[in-house]
Amino acid sequence: MAEAAALSGRAWQRMLSGRRLDLLDPSPLDVEISDIAHGLARVARWNGQTSGDHAFSVAQHSLMVEDIFRRINPKATADEMQMALLHDGPEYVIGDMISPFKAVVGGGYKLVEKRLEAAIHLRFGLPAHPTRALKDQIKKADTISAYFEATELAGFAEPEARKFFGQPRGIARDSLLIAPLPAYQAQALFLERFEAIEAARTVHSKAAS
């Protein structure tokens with residue numbers, strides 16, 4: 001991967017904030033929530049193969065996952081909720097690769113993803129990576145979201161979706177924000193939720209000190 005970067009002459013991406021984010025050695029100092037929200041709102045889930053007038057964005061998916069995570073983990077801390085919201089944060093740089101393609105690409109992709117995750121988390125005062133238990137809880141919420149996305153938007157029959165994602169329990173489709181939103185709305189809602197969680201984190205931090 002380093003060799004490929006050397007051949008191209010560039011391993012960084014310029015963000016609209018003006019930051020330059022090095023993909024091979026990302027610095028938390030070059031991470032801005034405005035760039036994350038803007039990028040995720042314009043990255044399509046399911047490679048864009050969803051119904052509706054707008055793509056179902058990773059930003060909207062992230063909002064759904066955090067909502068589901070909060071419901072199935074009512075005692076979750078604000079830090080945990082923020083990690084749930086940011087669980088696909090690296091995709092503002094590397095895009096959303098569907099699971100079958102991730103399996104083909106293998107280790108190199110995962111290494112870049114983990115470095116970006118650490119940079120994002122550290123930028124906002126979170127642990128570099130979630131614990132195994134928290135990762136599993138977020139993954140459960142992610143899988144529930146994927147089931148509803150698959151059946152409502154991506155053309156999966158329910159038996160097929162159950163085969164890949166299981167049968168969601170305790171979460172109703174009607175309670176989820178699943179109708180695809182325009183990018184600017186998904187971006188605004190993502191930023192709004194991020195700031196709300198940050199406010200809760202600040203209150204908790206002051207109470208603990």
Side-chain angles (χ1 to χ4, degrees), residues 1-2 5 11-13 15 17 19-41 43 45 57-146 165-166 190-191 193-202 204-205 208:
M1 190 164 291
W12 52 265
Q13 179 176 348
M15 301 296 170
S17 65
R19 299 288 189 184
R20 289 186 180 186
L21 186 67
D22 188 322
L23 302 188
L24 300 182
D25 187 23
S27 168
L29 297 176
D30 291 324
V31 173
E32 297 290 347
I33 191 59
S34 60
D35 293 328
I36 294 174
H38 182 94
L40 294 185
V43 174
R45 290 271 292 170
S57 70
V58 174
Q60 189 171 350
H61 162 78
S62 298
L63 287 163
M64 264 182 56
V65 169
E66 192 273 328
D67 178 26
I68 295 168
F69 171 80
R70 196 169 2 109
R71 293 196 223 176
I72 62 180
N73 298 281
K75 295 183 179 180
T77 66
D79 280 8
E80 291 169 341
M81 287 186 281
Q82 199 66 291
M83 282 189 277
L85 183 68
L86 294 169
H87 78 283
D88 278 339
E91 294 182 5
Y92 90 104
V93 179
I94 56 180
D96 179 35
M97 293 186 185
I98 60 174
S99 296
F101 189 60
K102 286 182 182 178
V104 171
V105 173
Y109 171 87
K110 283 294 182 185
L111 180 60
V112 172
E113 186 178 52
K114 285 186 73 69
R115 287 175 178 172
L116 286 165
E117 178 181 75
I120 291 167
H121 283 191
L122 293 174
R123 167 65 177 82
F124 302 116
L126 297 164
H129 304 288
T131 63
R132 180 74 259 175
L134 177 57
K135 193 174 183 67
D136 288 345
Q137 291 168 343
I138 294 173
K139 183 62 178 177
K140 181 178 179 181
D142 187 52
T143 303
I144 292 171
S145 180
F165 309 112
F190 184 92
L191 280 171
R193 183 59 189 153
F194 175 87
E195 295 298 344
I197 297 174
E198 284 299 285
R201 292 179 69 207
T202 299
H204 180 268
S205 178

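When reading the values below, keep in mind they use all heavy atoms of this one structure, side chains included, and skip hydrogens, waters and symmetry mates.
Using a 4.5 Å heavy-atom threshold, the side chains of Phe190 and Ile33 count as touching. With contacts defined as side-chain heavy-atom distances shorter than 4.5 Å, the pair Val65/Ile144 does not qualify. Taking 4.5 Å as the limit, every side-chain heavy atom of Val58 sits out of range of all side-chain heavy atoms of Tyr92. Looking only at side-chain heavy atoms (C-beta outward), Arg45 and Ser57 stay at 4.5 Å or farther from each other. When side chains are defined from C-beta on, Arg193 counts as touching Met81, because their heavy atoms get closer than 4.5 Å.
Residues Leu191 and Ala37 come closest through the heavy atom pair CG-CB, 3.6 Å. When all heavy atoms of Ile120 and Gly89 are compared, the pair lying nearest together is CD1-C, 3.5 Å. Between His87 and Ile138, the closest heavy-atom pair is CB-CG2, 3.8 Å. Annotation for Leu116 and Pro90: closest pair CB-CB, 3.8 Å, computed over non-hydrogen atoms.
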Verdict with supporting geometry, Lys139 and Asp142, salt bridge (charged side-chain N to carboxylate O under 4.0 Å, His left out): CA-CA 5 Å; Lys139 183 62 178 177; Asp142 187 52; 3.6 Å; yes

Side chain to side chain contact (heavy atoms under 4.5 Å, CB included) evaluation trace for His121 with Met83: CA-CA 8 Å; His121 283 191; Met83 282 189 277; 3.7 Å; yes

Residues Asp30, Trp12; criterion side chain to side chain contact (heavy atoms under 4.5 Å, CB included); working and verdict: CA-CA 11 Å; Asp30 291 324; Trp12 52 265; over 6 Å; no

Side chain to side chain contact (heavy atoms under 4.5 Å, CB included) assessment of Phe69 paired with Leu85: CA-CA 9 Å; Phe69 171 80; Leu85 183 68; over 6 Å; no

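Atoms CD and CD, from Glu117 and Glu113 in turn, are 7.0 Å apart once rounded to the nearest 0.5 Å. Of the inter-residue distances, the one linking Leu86 atom CG with Glu66 atom CD reads 9.5 Å to the nearest 0.5 angstrom. Separation of atoms CG (Leu21) and CE (Met15) is listed at 4.5 Å; rounding is to 0.5 Å. Arg115 CZ to Leu24 CG: the interatomic distance, rounded to the nearest 0.5 Å, is 6.5 Å.
Residues meeting the side chain to side chain contact (heavy atoms under 4.5 Å, CB included) test with Asp67, sequence neighbours left out: Arg70, Arg71, Leu176. Glu198 is linked by a salt bridge (Lys or Arg N to Asp or Glu O under 4.0 Å) to Arg201, counting only residues two or more places apart in sequence or in another chain. His38 pairs by the side chain to side chain contact (heavy atoms under 4.5 Å, CB included) definition with Leu16, Arg42, Gln187, not counting sequence neighbours. Partners of Ser145 under the side-chain hydrogen bond (donor to acceptor under 3.5 Å, both in side chains) rule, at least two apart in sequence or in another chain, are His61, Glu149. Partners of Asp25 by side chain to side chain contact (heavy atoms under 4.5 Å, CB included), not counting sequence neighbours, listed by chain and number: Asp22. By the ring-ring contact (aromatic ring centres under 6.0 Å, His included) test, Phe165 pairs with no residue at all, sequence neighbours left out.
Between Phe194 and Phe124, the ring planes are perpendicular. Angles over 60° get that label, and only those under 30° would be called parallel.
With Arg123 contributing its side chain and Val31 its backbone, the two residues share a donor-acceptor pair below 3.5 Å.
The closest side-chain donor-acceptor pair between Asp35 and Ser17 falls under 3.5 angstrom.
Enclosure of atom NE2 in His204 is not indicated, since only 12 or fewer non-hydrogen atoms of other residues, nucleotides or ligands lie within 6.0 angstrom.
A salt bridge between Arg132 and Asp136 is present, with a side-chain N of the basic residue lying under 4.0 Å from a carboxylate O of the acidic one.
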